[in-house]
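All ligand and atom numbering here is 1-based and tracks the order in the structure.
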Amino acid sequence: MIRRVRLRFAAIAPNERRKNQPGKANKQVDYAAIGREAVSRIQSADDLGSLESLRVEFLGKQGSVSGLLKTLGKLSPDERKDTGPKIHALRESVTDALALRKQALENAELEARLSSEKLDMSLPAPESAPGSIHPVSQVLDELAEIFADLGFAVASGPEIEDDWHNFTALNMPESHPARAMHDTFYFPDAAPDGGRMLLRTHTSPVQVRTMQEQGAPLRIIAPGRVYRSDSDATHTPMFHQVEGLVIDRDIHLGHLKWTLETFLKAFFEREDIVLRLRPSYFPFTEPSVEVDVGYSREANRRSVGGSGDDPGHDWMELLGSGMVNARVLEMSGLDPNEWQGFAFGVGVDRLAMLKYGMDDLRPFFDGDLRWLRHYGFSSFDQPTLSAGVGARA
Ligand code: 2NL
């Protein structure tokens, strides 16, 4: 480098050399020397910070090389022809040196990091918070699994209903107390037929819609969220229900009893389930029966099953059911002289509490992670009839 500059200096013609003698009007500036000095300082910068300071010093807005470039504008064309290339060469050598040194310093920094940082491949992976399946979801899956095995399809429908599908079609007249404002959440807008829109109070409207759309025969369950204007220790404004409906030509109460018995034995995973059917009343079934399950009280803990003759044995009301009211069939578009069937309804949250031992309904819907970690299910434990529907049973 130095040799090249000397050669260039030697190449200047003698008259030219004379013209540039010190003391003359345009005194010779040794741009090559300035460049050598700058490049040498750049090459000895020992970190990226001081390299950046040098860049600013030379090439920044107020930088020395930038300053030299600015002087070009004030020179005569002749002077510019001579000085221009020198200043540009200076700028280029400074720019190249900066880039070269920057690359070198960055490489050194990376080398240092690679040799000092150690990655211990034998360390355990950081803990990740696994999610869990809510008991209600788990029970809904179990119900779908059990009833699928009995030939039931899962039906679904809107949670925002009109009052015809929620009440009228289910033989609940205008005067029925369940239709009162203090029991049902109504929307301010009118339904298409002029009635009111509401949050469904049961999943029965799903069954009505399915009868209308698919006709008979039919074997469905309708699980889902339902809403009632009710809130205390045992009632939440939203809860879960599953209803079942079987329509065929010769369905009778015997089919209902066998179906519920088979369902409850599979759900609670025990054979000693005893059922008691009591006459009851629902507007949508006739006759209507309430289904109680026998249970024994051992140390205040409920366990389903046992015999009605045991001391300390009691009955627990669990399901409502009956033969579908002929008027409901008719309103759903089925001929009651050709078709008949049974229906039942049960609270999913209550089923979950009984099976998995929760004693309070309200935490179901609080979203408290501590509760979910305690009562939740692993997503790997899918309920199946062969492996057992209760993931933790
Ligand atoms: C309960 C139990 C019940 C039904 C629901 C039903 C549905 C249709 C036709 C006839 Cl589409 N019945 N569902 C039947 C009996 C009981 O629910 O405790 N409800 C208050």
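- With salt bridges taken as basic N to acidic carboxylate O contacts below 4.0 Å, none links Arg228 and Asp183.
- When only non-hydrogen protein atoms are considered, atom 11 (Cl) of ligand 1 lies nearest to Gln207 CB, 3.4 Å.
- Shortest contact from atom 20 (C) of ligand 1 to any protein heavy atom: Phe282 CE2, 4.0 Å.
- Close approach of ligand 1 to Thr285 is summarised as follows: ligand atoms under 4.0 Å from at least one heavy atom of the residue are 10 (C), 12 (N), 14 (C), 15 (C).
- Distances shorter than 4.0 angstrom occur between a heavy atom of Met211 and an atom of ligand 1.
- Remark: the backbone N or O of Leu72 is paired with a side-chain donor or acceptor of Arg80 at under 3.5 angstrom.
- At the shortest separation from atom 7 (C) of ligand 1 among protein heavy atoms lies Glu243 OE1, 3.3 Å.
- Judged purely by distance below 3.5 Å, without hydrogens or angles, the side chains of His165 and Gln212 pair a donor atom with an acceptor atom.
- For atom 10 (C) of ligand 1, the nearest non-hydrogen atom of the protein is Phe284 O, 3.3 Å.
- Checked by atom type, the side-chain pair Ser204/Asn166 shows no donor-acceptor distance below 3.5 Å.
- In terms of protein heavy-atom proximity, atom 12 (N) of ligand 1 is closest to Ala343 CB, 3.2 Å.
- Ligand 1 lies out of reach of Leu245, whose nearest heavy atom is not under 4.0 Å from it.
- For Lys355 and Phe267, the positive end sits near the middle of the six-membered ring, less than 6.0 Å away and at most 45° from its axis.
- Those atoms of ligand 1 with a heavy atom of Ser321 less than 4.0 angstrom away are 15 (C), 16 (C).
- Looking at Ser44 and Asp46, their side chains never bring a donor and an acceptor atom within 3.5 Å of each other.
- Side-chain contact, Ser76 with Asp78: no donor N or O sits under 3.5 Å from an acceptor N or O.
- Residue, atom and distance of the protein heavy atom nearest to atom 17 (O) of ligand 1 are Gly345 CA, 3.5 Å.
- No hydrogens or angles considered: nothing links the side chains of Asp96 and Ser93 as a donor-acceptor pair under 3.5 Å.
- Only the side chain of Leu170 comes within contact range of ligand 1, with a heavy atom under 4.0 Å; no backbone atom does.
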